[in-house]
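In the text below, chain A, chain B and the rest are named by the order of the sequence lines, each starting its count at 1. Just so you know, these numbers come straight off a predicted model, no measurement behind them.
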2 protein chains.
Amino acid sequence: MSTDVVSGEPSRLRADARRNRERILRTALRHFSQHGIDASLDDIAREAEVGAGTLYRHFPSREALLAAALEGRQKELLGGAQQAREIADAGAALSAWLAALQDYLRSFNGLPAPVLAAVKQQGSPLCLSCNALVALTGEFLDRAQQDGHARRTVTANELFLSALGLAWVLDRAETCGTSRQALEKVLAHGYLSTPPDVAPDGGASGASQVG
Amino acid sequence: MSTDVVSGEPSRLRADARRNRERILRTALRHFSQHGIDASLDDIAREAEVGAGTLYRHFPSREALLAAALEGRQKELLGGAQQAREIADAGAALSAWLAALQDYLRSFNGLPAPVLAAVKQQGSPLCLSCNALVALTGEFLDRAQQDGHARRTVTANELFLSALGLAWVLDRAETCGTSRQALEKVLAHGYLSTPPDVAPDGGASGASQVG
DNA sequence: ATGCTATATGGAGACGGTCTCCATATCCAG
DNA sequence: CTGGATATGGAGACCGTCTCCATATAGCAT
């Protein structure tokens with residue numbers, strides 16, 4: 001185990017292997033961007049001038065390749081999170097985070113699906129980052145709840161899944177007569193006009209962690 | 001040459017053709033139920049004891065077969081709509097309709113995707129029923145808005161798309177630590193606790209445009 | 001019945017995607 | 001330079017979609 005945790009990971013690779021890995025990754029990024037997450041893996045291998053076997057050796061599954069190709073975008077998202085953290089108003093911070101999250105989820109067409117899959121089944125290469133995403137959502141949600149901006153009965157998981165659903169709809173429907181803002185607003189305020197949580201029992205504690 | 005194209009539709013089929021059509025439909029219903037909307041069409045043909053060509057002659061695309069297989073469920077849904085109509089409270093009626101809609105969308109795993117696709121692009125065999133679904137949603141939403149139960153700025157399209165997103169999430173995540181009810185509640189009330197639509201000034205008209 | 005033709009059928013096969021396997025090529029430590 | 005560990009490519013197995021057309025059949029006219 002001489003894997004360098006700090007420098008990323010692939011240090012024990014032979015020089016040619018590392019070169020190929022990079023080529024594949026660059027090509028994959030382009031193809032996923034252009035054709036969505038269902039881009040043909042053999043096409044990617046071909047255009048990276050690499051055999052299919054080589055691609056599959058480096059990235060055993062589509063998800064693994066996807067996860068690797070998303071690394072850059074994830075760093076951007078983390079940057080967005082940091083920026084959001086610096087916003088004083090907790091409501092605005094939450095909103096900024098959710099916007100950044102939406103942007104991330106739109107990196108590739110169809111991305112919401114594997115992300116959702118990763119949320120539910122452990123073991124996916126996307127899973128680690130997904131858990132981080134839920135945790136971050138929880139962080140901003142907590143803050144907003146403490147400040148009274150967010151409803152206390154909403155959990156991080158629920159909010160994250162709802163955001164995923166929204167991203168999924170937008171992924172394929174943005175141009176169909178309904179704008180992103182409008183749907184975001186529905187998610188923010190709901191469709192009912194009844195008072196938010198008017199809990200019969202004075203729901204005290206709240207802000208429980210997400211399981 | 002051509003017989004009356006004018007008349008309705010599938011009565012002009014030869015007896016054997018009609019028999020095969022039924023076999024295919026029955027088998028498809030079973031397969032879609034068991035394996036989701038991605039069930040293998042050739043498998044369906046095989047189990048219906050019919051050549052692949054026969055299946056494709058009757059149902060040129062997966063969506064066409066899907067639409068036909070859904071007919072029964074659609075009738076049920078329409079029944080549900082009728083029941084909802086008879087509910088006096090507009091909010092409860094809307095809620096009942098949305099519940100029925102969710103049930104319908106769970107007829108087959110993965111159904112939300114082709115439904116969303118049908119919403120945006122005309123010409124899909126599912127399109128007709130989809131338009132009806134949006135219209136029905138509008139009907140119940142209108143009522144609820146008149147009674148003050150639903151926020152006035154929400155449109156039928158927005159609500160329907162949001163419901164689709166919810167169905168999509170539930171389709172693949174119900175068991176992952178978050179319940180259907182919880183997500184429905186988020187959709188109903190939003191995640192914010194700020195007042196619903198209260199305009200800064202007592203603006204009455206409302207109904208701000210949407211993209 | 002019988003013939004006749006529009007209609008319907010089956011299934012072979014083209015196509016394209018995923019993924020595996022392993023003989024061969026390449027790297028690099030000693 | 002060399003040997004063994006590592007990496008490579010691409011042929012090909014497998015599976016799903018969908019088309020094409022020689023053949024079979026229903027059902028009308030006779």
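At the heavy-atom level, A:A17 lies under 4.0 Å from the strands shown only through sugar-phosphate atoms. A:R62 comes within 4.0 angstrom of the backbone, heavy atoms only, and of no base.
At a cut-off of 3.5 Å, with distance as the only test, no side-chain donor of A:Y104 or A:E76 sits close to an acceptor on the other residue. Using modelled atom types, one finds a donor on one side chain and an acceptor on the other under 3.5 Å when comparing B:S124 with B:E63.
Nearest-nucleotide mapping onto DNA chain C: of A:R46 and A:G53, the residue sitting toward the 5' end is A:R46.
Listed nucleotides: C:dT9, D:dT17, C:dC19. Nearest to the side chain of A:Y56: C:dC19. Considering only side-chain atoms of A:H58, the nucleotide from D:dT8, D:dT17, C:dT18 that sits closest is D:dT8. Comparing D:dA11, C:dT9, D:dT8 by their nearest atom to the side chain of A:A52 picks out D:dA11. Here C:dG17 is the nucleotide among D:dT19, D:dG9, C:dG17 with the atom lying nearest to any side-chain atom of A:S40.
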Could you run down the sub-3.5 Å N/O contacts of the protein with nucleotides 26-30 of chain D?
{"from": "D:dA26", "atom 1": "O4'", "to": "B:R14", "atom 2": "NE", "distance (Å)": "3.3"}
{"from": "D:dG27", "atom 1": "OP1", "to": "B:A15", "atom 2": "N", "distance (Å)": "2.8"}

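Residue A:N20 places no side-chain N or O under 4.0 Å from the OP1 or OP2 atom of D:dA7. At least one side-chain nitrogen or oxygen of B:T54 sits closer than 4.0 Å to the OP1 or OP2 atom of C:dG10.
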